[in-house]
Amino acid sequence: MLYCEFELGRPFGAPNEPDFQKRVLTAALKLLERTDGPILDDFPDGPPGPATNDEGDIEGWSCPVNFGDGIKDVSVEDDPLTALTQEIELMRTWHDLFLEKNKKSTMGISEVDFETCVNYMVAFIDDIDTAPPRTDIPRYQILKLATDEMKAYYFEAGLARPGNATDKELADWYYGETTAGKILLKVNEACANSGDEVLQGMSDRRIIPIHQQHLKQSSPTT
Amino acid sequence: MVKVDEFPDGVREEFLNRDMPKFEDTPLLEGSPLAERRIALISTAGLHRRGDRAFTEQSGDFRIIPRDTPDEDIVMSHISTNFDRLGFMQDVDVAFPINRLKELAEEGVIGSVSDYHFSFMGATPPDKMEPSIREIVQTLKVDNVSAVALCPV
């Protein structure tokens, strides 16, 4: 086994760093030539990447949407669907830039169009028995995939913004500052109060990640 | 990979208290040189081809990713929200180094790349994966694969 001290989710170090990735892979494969096991070797280097500030966050990234201009003053409490939809539209330019740069998207895993996913999540908040957009898979699964679609859209849009945001920075923004984050907290609360054991299990940390759990306590809806 | 003592509270205790399999020995066999080996990747990142079935929690089943699947058609439905996905959004090789493996074959570092590669949903108990692993082993033998790179996420 080759131990690499990289961030969870990046077992080969960093994106778009082919030489580094190949070094990691080669180091792991070279272990096959040894018979002096058990083997637990350390990879000597950390991942390449931009300089970080003293707190470990990469500097220079900022919220990719100016929520203050040109949008209707709609409260997520009064009209969550409109509030979310107009925020998504504001993000679209950045998401288009991501697609242009990367020639791909990780969206599409639900096999349901994004608008339908959004509508379902918002409807689920008021009525967990809202007809799901897919009936060939369990309700919890299509709900989870819908939340993943929205996260992918926002995170990919955030990546298009200059500044090399970290996962934690984008998560702090997404869960803590956006309308989408407020919607997710409401979806999470609906799961927690559903009386459905599987949905309640999802509300533990399948919708809101561990490092954002504090938002559950501070949410006005809880 | 993150060290156990750096896990968040609760998760650390959960992992330390898991009933892990115990092995009587740790045999390592001398095999053919790396430059002669045919290699497959096995990931636990919940990867699959676009349009294939998304993973469900703690399912022990697997998905097949053929060698020449375009990068843009490899997607992730791992159920966890607790690891970085920004890297994968930009570059599939950060979690599933299929292009790097092909390059190593072209450079003669390894012998060749398997026709088929495999992915599981991580955080699944090993005993649930065992039937799938036995099935995969049969496929690997037919494809003359002589080594696998296990790629946890």
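Since we're looking at a predicted model, the values are computed, not measured. Here is the naming used below: chain letters follow the sequence lines, and residue numbers restart at 1 for every chain. Note that these values count all heavy atoms, side chains included, but never hydrogens, waters or copies made by symmetry.
Qualifying ring-ring contact (aromatic ring centres under 6.0 Å, His included) partners for A/Tyr153, counting only residues two or more places apart in sequence or in other chains: A/His95, A/Phe114.
One finds the CD atom of B/Gln90 at 8.5 Å from the NZ atom of A/Lys104 (value rounded to the nearest 0.5 Å). Annotation: the span from B/Ile79 atom CD1 to A/Met202 atom CE amounts to 6.5 Å, rounded to 0.5 Å. A distance of 5.0 Å separates CG of A/Asp148 from CZ of B/Arg85, quoted to the nearest 0.5 Å. Annotation: the span from B/His48 atom NE2 to A/Ile109 atom CD1 amounts to 6.0 Å, rounded to 0.5 Å. Summarising the geometry, atom CG belonging to B/Asn82 is positioned 4.0 Å from atom CD1 belonging to A/Ile210; distances are rounded to the nearest 0.5 Å. Here the OG1 atom belonging to A/Thr26 is positioned 8.0 Å from the CG atom belonging to B/Leu34, to the nearest 0.5 angstrom.
Looking at B/Leu101, the atoms closer than 4.5 Å to chain A (heavy atoms on both sides) sit in the backbone and in the side chain alike. If you measure heavy-atom distances from A/Leu31 to chain B, you find no contacts under 4.5 Å at all. Contacts of B/Arg37 with chain A are made by side-chain atoms alone, with heavy-atom separations under 4.5 Å and no backbone atom involved. Contact of A/Gln212 with chain B is not made at all, since no heavy-atom distance falls under 4.5 Å. Within the 4.5 angstrom heavy-atom criterion, no atom of A/Ile137 approaches chain B. For A/Ala152, the parts sitting under 4.5 Å from any heavy atom of chain B are the backbone and the side chain alike. Using a 4.5 Å cut-off between heavy atoms, A/Glu156 touches chain B through backbone and side chain atoms alike. Interface remark: B/Ile110 contributes side-chain atoms only to the contact with chain A (heavy atom separation under 4.5 Å). With a 4.5 Å cut-off on non-hydrogen atoms, B/Asp52 touches chain A through its backbone but not through its side chain. Contact of A/Met107 with chain B is made through the backbone alone, with heavy-atom distances under 4.5 Å. With a 4.5 angstrom heavy-atom cutoff, B/Ala45 does not touch chain A via any of its atoms. For A/Ala28, no part lies near chain B; criterion is any non-hydrogen pair under 4.5 Å. Looking at A/Lys103, only its backbone comes within 4.5 Å of chain B, counting heavy atoms on both sides. Contacts between A/Phe20 and chain B at a heavy-atom distance below 4.5 Å are absent for every atom of the residue. Contacts of A/Ser105 with chain B are made by backbone atoms alone, with heavy-atom separations under 4.5 Å and no side-chain atom involved. Proximity to chain B (any heavy atom under 4.5 Å) is shown, for A/Asn16, by both the backbone and the side chain.
The nearest pair of heavy atoms linking A/Leu29 to B/Ala149 is CD2-CB, 4.2 Å. Contact between B/Ala95 and A/Pro11 at its shortest, heavy atoms only, is CA-CG, 3.7 Å. Nearest heavy atom pair, residue B/Ala147 against residue A/Leu32, reads CB-CD1, 3.6 Å. When all heavy atoms of A/Glu17 and B/Asp91 are compared, the pair lying nearest together is N-OD2, 4.2 Å.
Within the 4.5 Å cutoff, the side chain of B/Leu86 has heavy atoms near those of the A/Arg10 side chain. With contacts defined as side-chain heavy-atom distances shorter than 4.5 Å, the pair B/Phe83/A/Asp167 does not qualify. Taking 4.5 Å as the limit, some side-chain heavy atom of B/Met89 sits within range of a side-chain heavy atom of A/Phe155.
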Stepwise side chain to side chain contact (heavy atoms under 4.5 Å, CB included) check, A/Arg34 with B/Leu28: CA-CA 8 Å; A/Arg34 289 172 49 182; B/Leu28 282 175; 5.9 Å; no
Criterion side chain to side chain contact (heavy atoms under 4.5 Å, CB included) on A/Lys22 and B/Leu104, from CA distance to verdict: CA-CA 8 Å; A/Lys22 201 185 300 185; B/Leu104 290 178; 3.5 Å; yes
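Seen from the ring of B/Phe55, A/Lys144 does not count as a face-on cation partner, given the 6.0 Å and 45° thresholds.
Open room surrounds CZ on B/Arg134; 12 or fewer heavy atoms of other groups in view lie less than 6.0 Å from it. Residue B/Asp19 qualifies as open at atom CG: its count of foreign heavy atoms under 6.0 Å is 12 or below.
Interface check for chain A: of the options B/His78, B/Arg53, B/Glu72, the most heavy-atom pairs under 4.5 Å are formed by B/Glu72. Of the listed residues (A/Thr106, A/Leu145, A/Asp36), the greatest number of heavy-atom pairs within a distance under 4.5 Å of chain B belongs to A/Thr106. Counting heavy-atom pairs under 4.5 Å between each of A/Ile207, A/Ile208, A/Leu25 and chain B puts A/Leu25 at the top. Contact count versus chain A (heavy atoms, under 4.5 Å) is highest, among B/Asp73, B/Asp93, B/Val109, for B/Asp93.
The closest donor-acceptor contact from the side chain of B/Asp84 to the backbone of A/Gly9 lies at 3.5 Å or more, if one exists at all.
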